[in-house]
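What follows is one structure encoded as structure tokens, with my remarks underneath.
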2 protein chains.
Amino acid sequence: MPQKTHSKRAEILRAVKELLWERGYEAMSPRDVLDRSGAGQGSLYHHFPGKVELACVALNEMAAEERAAVDVLFAPDRKPLDRIYAYLNRERDALRGCRLARLANESVMENLELRKPVKRFLEHIIDRLRSSLEEAQFDGDLLPDFEAAEVATTLLAVVEGGFVLARTHWDANRMKQALGGATQLLRIAERKAR
Amino acid sequence: MPQKTHSKRAEILRAVKELLWERGYEAMSPRDVLDRSGAGQGSLYHHFPGKVELACVALNEMAAEERAAVDVLFAPDRKPLDRIYAYLNRERDALRGCRLARLANESVMENLELRKPVKRFLEHIIDRLRSSLEEAQFDGDLLPDFEAAEVATTLLAVVEGGFVLARTHWDANRMKQALGGATQLLRIAERKAR
DNA sequence: GTCTATAGAAGGATAGAC
DNA sequence: GTCTATCCTTCTATAGAC
């Protein structure tokens, strides 16, 4: 049963993935899901035990999609620094917030099963950033005297914080400024390495 | 009428300020406020037209308190770089999230009146960071060839993103790592200036 | 598998006594 | 100003027919 056509099941999941990004978990009601998917009450509760499990399946799919999109940016044939700047400068709709980490402040993040996909997504990015930083240091393109793991966390924090600033100021430029400052700091660690 | 003892009014506001930090706006119900403050329905709706105005007054008070706390860290008698590190390393309960910016992803941030206090709070910090960075550059303690305004935004983003990472990983150390990486990048811009 | 109808609880606000 | 009682809507889930 898991993988057939599942017309209504698939449409429900599609709607949930949209709504989780647009409104978050608590502000998304089962009724909203039904309205957007065109399914009836019965379909939803036939395929999923309840709202939590519904969100859990959707979040895991979203996280997998986003991890794959990130991996494209970190293609191994690119130079390490190019991968990092490709990630920082990737196109983002800053006002929409991070598709997964937007849930960070909802009480539902206290549920391990719902937090896990978000966590895996963020860990995946940190891991890609860290190894790229290490390679750049090894190649002599970046100063070797900083902790790649910490700076990787910093760069991800700049992106996630950039979403917060953009939304609060209702101005996508705040994300660009945050990333611009990070780039300038990295450039200094670059020039000094040469 | 605005400023007398207002026993119940004050207790209601105290409760709202706590709940906004703990749960955010949407997850805070008027009933929660009454339970925690010990007030009755009538008191709440006597002093405030509704939930939105209640949150608005509370948020403005919270923002004023936090701006004052930030100003202590940026005391003018400190050296510019010391102010910046004092802000970065200030004590934070990372798992609780930012007292104001935790609301960034709630739909209520589309309401200008509610967004304004949060925005003012963040702008205040960026302003303090920017002028301290500029002074440090002028004093020759930091490289002069980066945009202080952009790096100021970056540093605030690291803090706000640090909250997001800490909450998602349910590990306050993520905040420390994000700040540690930012510090290492700043140190490079410091050493090079000498 | 999908639907409509319904239920129990919580959210947000009002009425009116004191 | 403060209280309790009440109201209407929305949320989340269940029942049961097709």
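Each chain gets a letter, A, B and so on, in the order its sequence line appears, and its residues count up from 1.
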How would you summarise protein contacts on nucleotides 13-18 of chain C per nucleotide, using B for base, S for sugar-phosphate only and - for none, with heavy-atom distances below 4.0 Å? BB----
Just compare dT2(C), dC3(D), dT12(D) and give me whichever is closest to any side-chain atom of Arg31(A). dT12(D)
Interatomic distance, Asp32(A) CG vs dC11(D) C1' [rounded to whole Å]: 10 Å
Measure CG/Leu34(A) against P/dT4(C) and give the value in whole Å, please. 10 Å
Length of the CZ-C1' vector between Arg23(A) and dT10(D), whole Å: 13 Å
Can you check the Glu26(A) CD to dA10(C) P distance for me, whole Å? 15 Å
Side-chain ion pair, Arg67(A) and Asp71(A), N-O less than 4.0 Å: no
Just wondering, do Arg90(B) and Val70(B) contact through their side chains at under 4.5 Å, heavy atoms? yes
Got more than 12 heavy atoms from elsewhere within 6.0 Å of NZ, Lys17(A)? yes
Atom-pair distance (CG on Leu54(B); C1' on dG11(C)), nearest Å: 14 Å
Quick check: are there more than 12 heavy atoms from other residues, nucleotides or ligands sitting under 6.0 Å from CZ of Arg120(A)? no
Strictly below 4.0 Å, N to O, side chains only: are Lys79(A) and Asp139(A) in salt-bridge contact? no
Taking only Lys NZ, Arg NE, NH1 and NH2, and the carboxylate oxygens of Asp or Glu, determine whether Arg36(B) and Glu22(B) approach each other closer than 4.0 Å. yes
Of the nucleotides dC3(D), dG1(D), dC3(C), which one has an atom closest to the side chain of Lys8(A)? dC3(C)
Answer with base, sugar-phosphate or nothing: what part of the nucleic acid does Ser29(B) contact at a heavy-atom distance below 4.0 Å? sugar-phosphate
Return the value, rounded to whole Å, for the distance between atom CG of Leu44(A) and atom P of dA15(D). 16 Å
Closer than 4.0 Å, any side-chain N/O of His47(A) to the OP1 or OP2 of dT2(C)? yes
So, is the end of the Arg187(B) side chain (NZ or CZ) under 6.0 Å from the ring centre of Tyr85(B) and within 45° of the ring's axis? yes
With a cut-off of less than 4.0 Å, is there a side-chain N or O of Ser43(A) near OP1 or OP2 of dC3(C)? yes
